[in-house]
Amino acid sequence: MPDPRILAHVDTLRLAVKQPFNFRYTLWKPSHFATGLEQHSADTSWRTFRVGELLTGVVMAMEDADTLRAEVYADGAWQEADRDRLTARLTHSYGLDEDISAFVAQAEQVPPMREPLAALAGMRQSCPENLFEIAIISLLLQNATVARTTQMMTNLLDHYGRVVEFDGVTLKAFFTPEEIVGVDEATFRERDRLGYRAKYIGRFAEFFATHDPDVADHADKAELMREFQTIKGVGPYTAAIIASHAVRDPSALGLDVWNRKLLAKRFLGVDDAEADVVMAEMTRLFPGYEGLAGLYVIEDAYRAQAVVELIE
DNA sequence: ATCCAGGTTCACA
DNA sequence: TGTGAACATGGA
């Protein structure tokens, strides 16, 4: 691990949030595996972002009920355009301006959803990763245990990512597509232990080296998604993860062995069921919000035993 | 040991 | 269109 790059404080952002908004469960998800890219306490979150050429670290907390304050640290000159870009990234990553009241009204009518809704009130989808980054994560999740996914993620970040220090914390930062586009398949296989995924990851990097993974415009993003799904290694699950997380489509639900069982238990009362049966039930109960409904169930299941606990 | 993970591709009906 | 094996690796 290289010495951390020291980031300097460059800005303070104050971002309006739409109610109902749950700061803690929006920025920190109890089910998410350890990446070293972020850290959370009861009332504060630290996270790194790549913003254009810059490495940034952000410290987030609520200033008042309607305002999220973000202290920004960076490794170089901070311009107006960088501020705009990070503002858009944060707003989009955490859905700060989304109105989830229609979903809440609908879900309150479904008895098994009452407990998750009460415990996680105001939670939204979170995706601090851009399109490239979430694509990498979903690739690593394919047909692997979380332990192995974490191992592969650690290898990639330690070999190609960065380490930064800001506000007294040390965190990893993601690599960009350009930073891994020259790495060959054998290296991904042997050094990073990616297994058969080694033959796909380079395609992801090539694609996003020529297609901006930070595009904010929704129409462009939909077009990007269509193209992305032609890449080998991107199937229905990976595409749905991106649609649900990065594109923030509340109806997109990527069913895998893990959440399929959790949802079958909660809504069908059985230990497991066929994916299309689970999906049909989610659509019957939560038309238009299948993914967001699934998120509430999954995070509720991990609430008492988080994969990565809050720090003091 | 053998199985199978927070899937996808490819071959062959 | 649909089904089944192969794919890498490592923990249970």
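Labels below follow one simple rule: chain letters A, B, ... track the order of the sequence lines, proteins then strands, and each chain is numbered from 1. It should be emphasised that the depicted structure is a prediction, and the values quoted were computed from it without experimental measurement.
- In this structure, A:A147 and A:A144 both approach DNA chain C, and ranking their closest nucleotides by distance from the 5' end singles out A:A144.
- In this structure, A:L263 reaches neither bases nor backbone, as no heavy-atom distance under 4.0 Å exists between it and the strands shown.
- Regarding A:L140, its CG atom lies at a distance of 14 Å from the C1' atom of B:dA5, rounded to whole Å.
- Rounded to whole Å, the P atom of C:dA8 lies 15 Å from the corresponding atom of B:dA11.
- Under the 6.0 Å cut-off for aromatic ring centres, A:F228 and A:F204 qualify, their centroids lying closer than that.
- Across the protein-nucleic acid pair, A:E190 atom CD and C:dT9 atom C1' stand 14 Å apart, rounded to whole Å.
- With P as the reference atom, C:dG2 and B:dG6 are 27 Å apart, rounded to whole Å.
- Not a single donor-acceptor pair, N or O on each side, falls under 3.5 Å between the base of B:dA5 and the side chain of A:D256.
- Rounded to an integer number of Å, the gap from A:R203 CZ to B:dT9 P is 11 Å.
- Here A:F286 and A:F267 bring their ring centres to under 6.0 angstrom of each other.
- Phosphate contact (OP1/OP2 of C:dA8, side-chain N/O of A:R189, threshold under 4.0 Å): present.
- Straight-line distance from the OH atom of A:Y196 to the P atom of C:dA5: 17 Å, rounded to whole Å.
- Dashed line: the shortest gap from a side-chain N or O of A:Q151 to OP1 or OP2 of C:dT9 is not under 4.0 Å.
- A sub-4.0 Å separation between OP1 or OP2 of C:dA8 and a side-chain N or O of A:K199 is present.
- Across all strands shown, A:T238 has heavy atoms under 4.0 Å from sugar-phosphate atoms exclusively, and none from any base.
- Atom CZ of A:R193 is separated from atom P of C:dC7 by 17 Å (rounded to the nearest Å).
- Rounded to an integer number of Å, the gap from A:K232 NZ to C:dA6 P is 20 Å.
- Using a 4.0 Å heavy-atom criterion, one finds that A:R148 contacts the bases of the nucleic acid, with or without backbone contacts as well.
- Residue contacts for A:V257: at a heavy-atom cut-off of 4.0 Å it reaches the sugar-phosphate backbone alone, with no base atom in range.
- Note on A:T145: every side-chain N or O is 4.0 Å or more away from OP1 and OP2 of B:dC4.
- Less than 6.0 angstrom separates the ring centroid of A:Y302 from the ring centroid of A:W258.
- At a threshold of 4.0 angstrom between heavy atoms, the contacts of A:Y200 are confined to the sugar-phosphate backbone, with no base atom among them.
- At whole-Å resolution of the value, CE in A:M152 and P in C:dG11 are 12 Å apart.
- Rounded to an integer number of Å, the gap from A:N143 CG to C:dA5 P is 15 Å.
- Here the two rings, on A:F132 and A:F207, have centers that are 6.0 Å apart or farther.
- Side-chain atoms of A:Q106 come within 3.5 Å of backbone atoms of A:P287 as a donor-acceptor pair (strictly under, hydrogens ignored).
- Between A:H245 and A:V234, the residue anchored closer to the 5' end of DNA chain B is A:H245, taking for each the nucleotide with the nearest heavy atom.
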Q.
Is there a side chain to side chain contact (heavy atoms under 4.5 Å, CB included) between A:L157 and A:L37? Walk through the geometry before answering.
A. CA-CA 9 Å; A:L157 288 175; A:L37 296 166; 4.1 Å; yes
